[in-house]
Amino acid sequence: PGPSNMHLKAPPVRLVSRSGHLNDEKHGLSWWKVYTADGYHFILNLSWLKLLTVSLIYYTTINIIFALLYYVDIEHIENAVHYYDTFYLAVETMSTVGFGTIYPTSLYLHFIVFIQSFIALISDGVVVALIFSKASRPSRLRHTVRFSECAVVNNEEMVFHPSGNIEEMYGSYKPGPSLSFRIVNMRKRQICCTTVNLILMMKDVETNKYLLHELSYEINRQHNRTRDMSFSQLLLPLPWTVYHKFDENSPFYNLTEEDISQLDFELIVVFEGIDELTSNSFQSRWSYLHDEIKWDHKFRNMISRTKNGELDILFQNLSSTIAC
């Protein structure tokens with residue numbers, strides 16, 4: 001049988017990029033309302049260069065404004081003659097340096113100093129909080145979890161076959177059609193409370209809608225693992241292979257390589273875990289399109305022993321495959 005009413009060429013732009021970011025555009029929303037509703041996280045998501053640039057522009061603008069306020073009463077500022085003298089006074093007040101060569105003497109100027117000092121106090125707290133939050137964010141941790149560049153489909157991998165109906169808990173492991181990919185942690189320290197979700201985003205031509213299917217999968221020959229890994233946590237940095245069996249519940253059931261090549265789909269992998277050193281939770285995302293799935297291939301072995309008897313993880317074989 002063919003792919004029925006679900007067939008189109010693969011999308012030109014993947015939803016989950018190779019960097020883990022989401023490639024989606026939003027229309028019908030006011031960008032101003034979106035950013036003002038959550039300005040803190042919008043600023044926090046800026047790159048370091050943009051964040052430092054925004055901070056510098058804000059700092060300079062505030063000093064220019066207060067320098068103009070000081071210039072209004074420049075005759076009551078000791079040793080101040082030109083505008084840049086009042087700007088220098090504004091910078092001293094903002095940074096609380098206070099060299100003492102230029103200082104105000106009138107009540108109006110003292111009031112302006114009070115207002116600027118208060119704004120400087122608030123500004124310093126906000127900027128320090130932003131820098132600390134950005135520096136301590138666990139988002140960079142996702143780049144330490146690697147996925148295989150391709151997925152493979154073959155009939156040789158051992159997958160669970162229930163003894164009765166498809167929901168049966170008892171059965172045996174036999175070779176069968178399945179799709180598989182690899183996950184590995186590149187760091188020395190462990191990732192705790194790991195979970196994986198396997199989601200298939202596929203377009204239904206009949207309704208012209210994208211449907212989401214949460215796929216079942218197997219790891220370490222433990223079946224019934226359709227949502228998370230609560231039965232047994234992933235022991236990273238050992239490499240793990242995730243298997244999705246092409247059974248009656250799979251959207252790929254009875255489809256050929258040609259059928260799947262015509263589907264408009266993206267297989268999305270969402271990996272979550274907690275870093276044992278910082279206790280920060282993080283998420284890594286990956287996806288596969290139809291041209292990133294190799295048929296009748298299997299992965300090369302990634303684990304061997306050194307001369308000293310220690311386990312040797314061959315990261316160069318993460319995406320390496322051989323024909324079945």
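- Scored by the side chain to side chain donor-acceptor pair (under 3.5 Å) test, Ser180 finds no partners at all (sequence neighbours excluded).
- Take Thr101 and apply the side chain to side chain donor-acceptor pair (under 3.5 Å) test, not counting sequence neighbours, and it matches no residue.
- With sequence neighbours excluded, the residues that form a side chain to side chain contact (heavy atoms under 4.5 Å, CB included) with Leu69 are Phe66, Tyr108, Ile112.
- With sequence neighbours excluded, no residue satisfies side chain to side chain donor-acceptor pair (under 3.5 Å) with His143.
- Residue Ile65 is not grouped with residue Ile102 when hydrophobic side chains (ILVMFWY) are merged at heavy-atom distances under 4.5 angstrom, including chains of intermediate members.
- Around CD of Glu258, the count of heavy atoms belonging to other residues, nucleotides or ligands within 6.0 Å does not exceed 12.
- With sequence neighbours excluded, no residue forms a ring-ring contact (aromatic ring centres under 6.0 Å, His included) with His41.
- The cluster map of Ile, Leu, Val, Met, Phe, Trp and Tyr, joined by side-chain heavy atoms under 4.5 Å apart, puts Ile122 and Ile131 in the same cluster.
- Interatomic distance, Asn154 CG to Lys294 NZ, rounded to the nearest 0.5 Å: 13.0 Å.
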* To do: Test salt bridge (charged side-chain N to carboxylate O under 4.0 Å, His left out) on Lys298 and Glu156 and set out the steps.
  => CA-CA 8 Å; Lys298 61 182 179 181; Glu156 296 186 5; 3.6 Å; yes

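- Between Phe271 and Phe147, the ring planes are perpendicular. Angles over 60° get that label, and only those under 30° would be called parallel.
- Under the salt bridge (charged side-chain N to carboxylate O under 4.0 Å, His left out) criterion, Glu78 pairs with no residue, sequence neighbours left out.
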Which donor-acceptor pairs under 3.5 Å do the side chains of residues 307-315 make with protein atoms, sequence neighbours left out?
none

* Asked: Can Ile199 and His213 be said to form a side chain to side chain contact (heavy atoms under 4.5 Å, CB included), step by step?
  -> CA-CA 6 Å; Ile199 302 169; His213 308 265; over 6 Å; no

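- A donor-acceptor contact shorter than 3.5 Å links the side chain of Asn317 to the backbone of Asn301.
- For the side chain to side chain donor-acceptor pair (under 3.5 Å) test, residues two or more places apart in sequence or in another chain that qualify with Asp73 are His76, Ser106.
- Considering only residues two or more places apart in sequence or on other chains, Ser250 meets the side chain to side chain contact (heavy atoms under 4.5 Å, CB included) condition with His244, Phe246, Asp247, Phe252.
- In this structure, a donor-acceptor pair under 3.5 Å is absent between the side chains of Glu157 and Ser178.
- Considering only heavy atoms from C-beta on, Leu263 comes within 4.5 Å of Met202 through its side chain.
- With sequence neighbours left out, the side chain to side chain contact (heavy atoms under 4.5 Å, CB included) criterion links Ala67 to Tyr83, Thr86, Phe87, Ala90.
- Side-chain atoms of Ser148 do not come within 3.5 Å of backbone N or O of Ser319 as any donor-acceptor pair.
- Residue Tyr71 places its OH atom among 12 or fewer non-hydrogen atoms of other residues, nucleotides or ligands, all under 6.0 Å distant.
- Here the CD-CG distance, from Glu75 to Leu109, works out to 8.5 Å after rounding to the nearest 0.5 Å.
- Hydrophobic clustering of Ile, Leu, Val, Met, Phe, Trp and Tyr side chains at less than 4.5 Å, counting indirect connections, unites Leu68 with Phe111.
- Looking at residues two or more places apart in sequence or on another chain, you find a side chain to side chain contact (heavy atoms under 4.5 Å, CB included) between Glu292 and Arg14, Arg18, Tyr288, Leu289.
- Residues passing the ring-ring contact (aromatic ring centres under 6.0 Å, His included) test with Tyr70: none are found, sequence neighbours excluded.
- Following chains of ILVMFWY side-chain contacts shorter than 4.5 Å, one cannot reach Val126 starting from Ile57, and the two form parts of different hydrophobic clusters.
- Side-chain heavy atoms closer than 4.5 Å link hydrophobic residues (I, L, V, M, F, W, Y) into clusters, and following such links, even through other members, never connects Ile62 to Leu52.
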